[in-house]
Amino acid sequence: MILRVAILTPIRKLFDYLPPVQNETNPEIGARVLVPFRTKKKIGIIIAITDKTDYPIEKLKRAYTILDPKPLFPKALFKLIYWASQYYQAALGEVFEAALPSRLRKEPSLGLKPKKNKPFLEKKIPAIQEKTVIILNEAQQKAVNTIKKSIGKFETFLLDGVTGSGKTQVYSEIIAHILTLEQQALILVPEIGLTPQLLSRFQKRFNVPIVCLNSSLTEKQRFEAFENAKTGAASIVIGTRSAVFVPLKLPGIFICDEEHDASFKQQEGFRYHARDLMIMRGSLEHCPVILGSATPSMETLNNVHIGRFQGLKLPTRAGNAELPALQVLDIRHKKLKEGLSTELIQKIQEHVENKGQVLLFLNRRGFAPVLMCFDCGWVANCNNCDARLTLHLRSKRLQCHHCEMFIPLYEQCPTCQSQTLKPIGIGTERLATVLQALFPTCSITRIDRDTTSKKGAQQEIMDQIYKGETEILLGTQMIAKGHHFPNVTLVAILDIDHALFSLDFRSIEKMGQLITQVAGRAGRAERLGHVLLQTCHPEHPLLKTLLEEGYSRFATSLLAERRLTNLPPYSYQALIRAEGNKLEYALNFLNLIKAEIPKLSSDFKILGPIAAPMERRLGKHRAQLLFQSKNRSTLQKYLQNLVHKIETYSLSSSIRWSLDVDPIDMY
Ligand code: ADP
Ligand code: ZN
Ligand code: ZN
């Protein structure tokens with residue numbers, strides 16, 4: 001008997017082992033096994049049990065122990081993991097590593113049997129405990145009816161509903177139905193900060209065990225959540241990206257909320273898109289998949305157009321709330337007070353006086369993005385990256401937002417010793433100071449990565465806002481995501497102009513989504529909301545479409561542009577990134593790869609290699625090579641051959657490379 005094992009490493013290869021000598025547990029496909037690997041002990045997953053091997057049998061090493069009596073993953077999930085490793089050209093072991101909670105990735109301490117987890121709290125009956133019954137509106141009811149018809153089979157729905165249209169209510173209704181069938185629901189959210197809100201809504205309605213899977217859990221909690229999902233003890237699972245791999249005993253529905261959000265894409269190591277994997281999972285598990293968003297991605301909209309997904313619309317806000325009015329503040333030739341126009345300051349004043357909450361969106365943290373000497377022109381740069389250091393005044397630091405390196409703030413210019421170092425530009429920290437000076441009696445809350453980094457801080461801030469203890473809140477994109485701020489009557493959006501001229505073709509899409517999502521935080525309850533957007537480019541055609549005709553028309557125009565230029569979703573891309581001690585080394589390596597592809601078919605293009613838009617990062621020089629094809633399978637075929645070839649290279653250890661299939665970020 002020979003065990004073929006995927007070891008939990010990024011090596012794209014399976015290894016053969018003889019079974020352990022004393023076989024306490026029979027090896028099964030999908031169980032973990034502890035094996036000798038190079039000079040270490042490693043954990044792997046048994047992929048096959050065979051009697052053949054390509055190695056001389058006498059050279060095979062013996063596995064130490066089988067760690068699980070049963071496969072860790074149900075069959076469909078095992079298939080998903082296998083599929084993901086093929087599609088993303090990743091090592092199978094690396095995909096398993098991403099799918100397992102950390103406790104199961106480590107060697108159990110010797111003599112300690114893996115403890116059987118205690119069963120989750122008993123399921124209570126009845127499962128549904130409706131207190132305040134919400135009557136669905138017509139669009140919601142129609143969406144619910146349509147999705148219900150697909151229970152038990154695979155179909156993907158786009159629930160395309162404006163902000164506050166009651167998408168969550170639709171999920172909730174479907175989950176109620178799933179629970180009566182004694183099945184489970186898995187809901188992915190883009191950010192941990194959103195789990196408490198969803199959890200409390202579901203807890204109010206459902207009397208069943210609910211688990212949350214996110215990075216704030218301890219190792220033990222994570223493991224228990226995994227087990228409870230797997231045994232079926234938990235009926236509802238809410239999680240971020242990696243929860244797409246959580247095993248479920250009886251899956252009934254898969255939901256990806258805010259499907260357009262970039263955080264579903266893993267950008268390091270095993271690079272995958274959780275939304276796309278969820279759809280694949282739905283097909284393997286024969287369950288419907290709901291993608292929800294007020295600002296669907298171009299990929300998803302295209303899938304609706306070509307009939308692959310079914311579109312369901314919620315065109316109006318639920319209840320009595322109305323969509324806010326959007327207004328442009330043209331700031332050309334206007335004198336700004338630290339980034340704020342006089343008109344905007346007046347509006348803030350008015351809303352505060354009328355006891356409304358004001359929300360300002362500025363997607364840049366820190367005090368100022370640049371620190372410059374006004375005598376000699378010196379600018380604070382990062383030593384490791386092609387980037388400026390951001391000034392953080394409160395912590396008296398200069399910090400790189402790309403490599404996190406920081407240094408104490410200079411007292412004087414390091415080149416000319418002048419005292420005239422000045423901050424240029426404006427970040428959230430500075431905006432908060434400015435607002436406090438302008439509105440001294442108001443309580444001002446800042447939400448960004450700096451103010452929420454402490455455990456529990458984000459929830460604390462959110463509670464303050466819900467309780468109405470804050471008059472003015474400001475923040476980065478953290479405030480754009482899904483939060484329900486019932487008292488906000490004015491939203492102001494600052495400084496988005498750079499997105500209109502970015503090199504990255506996706507940045508306009510992201511801008512449109514951000515504006516719409518941020519605007520959607522206004523007027524979510526009884527009081528009408530207003531949204532103001534400061535810009536120097538009120539005539540930009542796409543921006544105009546967005547502001548005057550809404551996201552849906554904006555998306556249509558954007559898709560037309562993408563079609564003309566042959567960009568995704570009308571083509572498929574993969575990006576090979578390389579980095580080395582010199583740019584030349586990275587470029588040479590990519591040229592070598594390029595030469596591996598002999599004859600190009602007409603529907604396949606290679607662009608580059610070129611230096612990455614930010615060439616130096618963390619002290620390394622980076623370059624990239626882009627593949628683009630009209631045909632997904634052509635691209636896949638090329639990539640597969642290529643990765644096999646690269647694996648045979650003997651590369652200098654200073655060269656590192658990675659492959660990103662369906663990249664969403666070109667930096
Ligand atoms: P979304 O998920 O689209 O942002 P929610 O489901 O959170 O929307 O709904 C927004 C608000 O409207 C919530 O306070 C919710 O309770 C309420 N709501 C949802 N559906 C209805 C309905 N049919 N009638 C009245 N209020 C509703
Ligand atoms: Zn100087
Ligand atoms: Zn840096």
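Just follow the structure's listing: the first ligand is 1, and inside any ligand the first atom is 1. Start at 1 with the first residue, then count along the sequence.
Crowding of Phe309 atom CZ: a count of heavy atoms from other residues, nucleotides or ligands under 6.0 Å exceeding 12.
Closest heavy-atom contact between Gly425 and Pro369: C-CD, 3.6 Å. Here the closest non-hydrogen pair linking Pro423 and Phe367 is CG-CE2, 4.0 Å.
Taken from CE in Met478 to CG in Leu194, the straight-line distance is 9.5 Å, to the nearest 0.5 Å. Taking OG1 from Thr300 and NE2 from His305, the interatomic distance works out to 11.0 Å, rounded to the nearest 0.5 Å.
Of all atoms in ligand 1, listed by their number and element, those nearer than 4.0 Å to a heavy atom of Asn137 are 23 (N). The Leu136 neighbourhood of ligand 1 comprises atoms 23 (N), with distances under 4.0 Å to a heavy atom of that residue. Each of the following atoms of ligand 1 lies closer than 4.0 Å to a heavy atom of Lys167: 1 (P), 2 (O), 3 (O), 6 (O), 8 (O). Taking every heavy atom of Gly319 and a limit of under 4.0 angstrom, the matching atoms of ligand 1 come to 24 (N), 25 (C), 26 (N).
Counting backbone and side-chain atoms alike, Cys400 contributes an N/O/S atom closer than 2.8 Å to the Zn ion (ligand 3). Here His401 fails the criterion, with no N, O or S atom under 2.8 Å of the Zn ion (ligand 3).
Of the heavy atoms in Ile135, only backbone atoms (N, CA, C, O) come closer than 4.0 Å to ligand 1. Proximity of Arg201 to ligand 1, defined as any heavy-atom pair under 4.0 Å, is confined to the side chain (atoms from C-beta onward). At a heavy-atom cutoff of 4.0 Å, ligand 1 is contacted by both the backbone and the side chain of Thr168. The side chain of Gln140, and not its backbone, has at least one atom closer than 4.0 Å to an atom of ligand 1 (non-hydrogen atoms only; side chain from C-beta on).
When Ala318, Gly166, Gly292, Ser293 are checked for heavy-atom proximity to atom 5 (P) of ligand 1, Gly166 turns out nearest.
Using a 4.0 Å cutoff on heavy atoms, Gly161 does not count as a contact of ligand 1.
The SG atom of Cys416 and the SG atom of Cys373 meet at the Zn ion (ligand 2) at an angle of about 110°, given to 10°. For the pair SG of Cys382 and SG of Cys385, the angle at the Zn ion (ligand 3) is about 110°; rounding is to 10 degrees.
Salt-bridge check for Lys510 with Asp665: failed, with every basic side-chain N at 4.0 Å or more from each acidic carboxylate O. Remark: Asp257 does not engage Lys167 in a salt bridge, criterion side-chain N to carboxylate O under 4.0 Å. In this structure, Glu268 does not pair ionically with Arg241, as no charged nitrogen and carboxylate oxygen lie closer than 4.0 Å.
The aromatic rings of Tyr410 and Trp378 lie perpendicular to each other, with more than 60° between the two planes, well past the 30° mark.
The N/O atoms of Thr163, backbone and side chain alike, include none that comes under 3.5 Å of an N/O atom in ligand 1.
In the model, Glu259 has a side-chain atom that pairs as donor or acceptor with a side-chain atom of Ser297 under 3.5 Å.
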